[in-house]
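Below you'll find the structure, written out as structure tokens, and then a few comments.
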Amino acid sequence: MDELALLKDMADRTPLPSETDLAPARARLTALTQASAAPPPVPRSRRRRLVVSGVTVVGLAAAITAVVSFGGLDPVGIAPPDADAVAFLHQAADAARKLPTTPPRPDQFVYTKSQTADGLRETWLSADGTHDGLIEQERELESGEVVLDSIPMPGCRHRQRKVLKGDQDTGLTEPCTPDAAYRADLPTDAAGMRKYLGQAADAKPKDLDTLVHFAFTETYVSPQTMVALFEVMADFPGLTIDEDATDLAGHPGIGLSWPQPADQDTVTLVFDPHTHAFLGMADQSAVLEHAIVDGAGQRP
Amino acid sequence: MHEPDEDDATIIGTSLHRPERFAAIFDRHAAHIQRYLARRLGQQRADDLVAETFLVAFGKRASYDLGRPDARPWLYGIATNLVRQQQRAEVREYRLRAAIAPEPDLDGHADRVVAQVSAAAMHRQLAAALAGLSAGDRDVLLLIAWEGLTYDEVTLALGIPIGTVRSRLNRARRKARAALSATQAKETANHG
């Protein structure tokens with residue numbers, strides 16, 4: 001046998017992975033594609049002043065950071081933010097200031113249930129990043145059958161994390177730093193938040209988008225940080241408001257959008273007009289439930 | 001869901017404004033990319049890096065050459081770059097394979113056992129030879145020998161001219177052949 005044939009022989013023992021083997025990697029990709037999702041343009045209706053009040057939840061930061069991660073906006077030709085959109089955000093900030101601050105305990109989990117393009121998704125992420133979390137994600141096969149992927153998220157303890165293959169414990173560990181779902185590190189004022197997002201913009205788009213989805217959308221962020229995010233958003237050039245937006249589950253709400261780089265359509269974040277809750281991104285996602293629970297796999 | 005007769009370029013083009021369509025590229029190519037990564041770095045790293053490959057590809061999709069209907073060489077290029085970043089891990093993997101003799105099938109006929117032991121010895125020598133190649137030579141050799149890419153596909157994957165592909169392949173093959181004839185000489189001496 002010549003050396004090429006022998007080389008091939010050497011490699012033939014390696015099997016092609018199955019769909020199940022690849023499911024965790026696929027889930028990481030779809031998390032990113034959803035965080036970057038741009039819904040088709042929504043027809044704009046007449047803009048009106050809104051009266052809003054209520055509570056806010058996380059998810060907003062995802063879109064803000066996603067915008068910043070695309071390398072910033074070219075200010076030429078972009079209008080100043082729409083006055084109604086600014087008003088909405090200031091009122092959201094006022095409402096957020098009144099929220100009680102009860103962060104999760106380190107041993108608790110942030111639970112998020114959302115509707116995605118692939119199906120239902122539930123995540124349990126460790127508040128301090130040291131406990132083992134879980135993602136359960138529906139996936140549609142080519143045949144049309146829907147399966148549930150159960151993806152363990154090992155915690156990082158003493159700088160070591162279990163290495164899993166699929167959901168099998170290999171017995172090995174790898175170095176790590178904890179991925180805390182309770183983002184106590186985020187700035188709590190607008191100036192700090194601007195600086196934080198500006199720094200994040202220097203990161204590679206891949207890092208930032210992955211960070212955005214896992215780090216913001218399914219985490220717990222304090223009301224002070226939400227206030228800071230709303231205030232920063234209110235300055236976005238070209239910010240506009242639209243009353244006829246809906247999330248993926250069809251819940252009607254207020255859409256906030258701003259211009260994207262040339263190859264992207266408008267991003268629209270949908271909010272409940274009465275409670276201010278972030279509902280999702282039109283046609284891409286819908287946050288159905290967001291809560292703190294005591295154990296991975298427990299529902300509120 | 002994607003149309004079965006849409007080529008990769010069409011899907012990637014659509015994914016620029018409908019990002020969720022990019023998952024179809026994963027469905028078409030992830031298995032081969034994962035196996036390539038497993039062959040070079042072992043299964044554990046391969047599972048992580050196949051995800052990284054597609055995250056990077058998604059981030060770069062705006063610069064994909066839409067004149068190329070098949071995205072697999074592009075993906076091999078991204079995966080190979082990630083392997084480069086893990087070069088020390090890869091070289092350790094080959095050294096490990098060079099040191100460990102896989103168990104021969106002892107239920108087999110005596111001649112087959114001898115043949116298996118010889119093949120194993122040659123695999124070990126090849127693994128040691130791979131560890132000794134330069135990264136560029138190893139990339140070309142393995143994309144051709146393990147993944148069956150054509151010279152043209154290797155130029156797409158690695159972004160190098162075809163002349164460089166040829167010269168790196170020749171050099172790598174020479175070193176592999178040298179490693180094998182050393183082993184064969186030793187085997188002949190041992191078994192008479």
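Fair warning: this is a prediction, and the values are worked out from it, not measured in the lab. Order of the sequence lines fixes the chain letters, A, B, ..., with proteins taken first and strands second; residue numbering starts at 1 for each chain.
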Evaluate the criterion salt bridge (charged side-chain N to carboxylate O under 4.0 Å, His left out) for residue pair A:Arg28 and B:Asp48; output intermediate values, then yes/no.
CA-CA 10 Å; A:Arg28 283 177 65 185; B:Asp48 255 342; 3.6 Å; yes
Contact leader toward chain B among A:Leu172, A:Asp12, A:Leu4, A:Leu16, where contacts are heavy-atom pairs under 4.5 Å
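Sorted descending by pairs with chain B, the first entry is A:Leu16.
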Interchain contact, [X] with chain A, by part (heavy-atom threshold 4.5 Å):
X: B:Leu141; value: side chain
X: B:Gln43; value: side chain
X: B:Ala172; value: neither

Donor + acceptor pair across side chains of B:Asp47, B:Gln34 (<3.5 Å):
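Yes - a donor-acceptor pair under 3.5 Å links their side chains.
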Using distance alone, with no hydrogens and no angle criterion, decide if A:Asp21 and A:Ser18 have a side-chain donor and acceptor under 3.5 Å apart.
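Note: A:Asp21 and A:Ser18 side chains meet the donor-acceptor criterion.
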Indicate yes or no: does B:Arg68 engage B:Asp8 in a salt bridge with an N to O separation below 4.0 Å.
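So B:Arg68 does not pair with B:Asp8 through a salt bridge.
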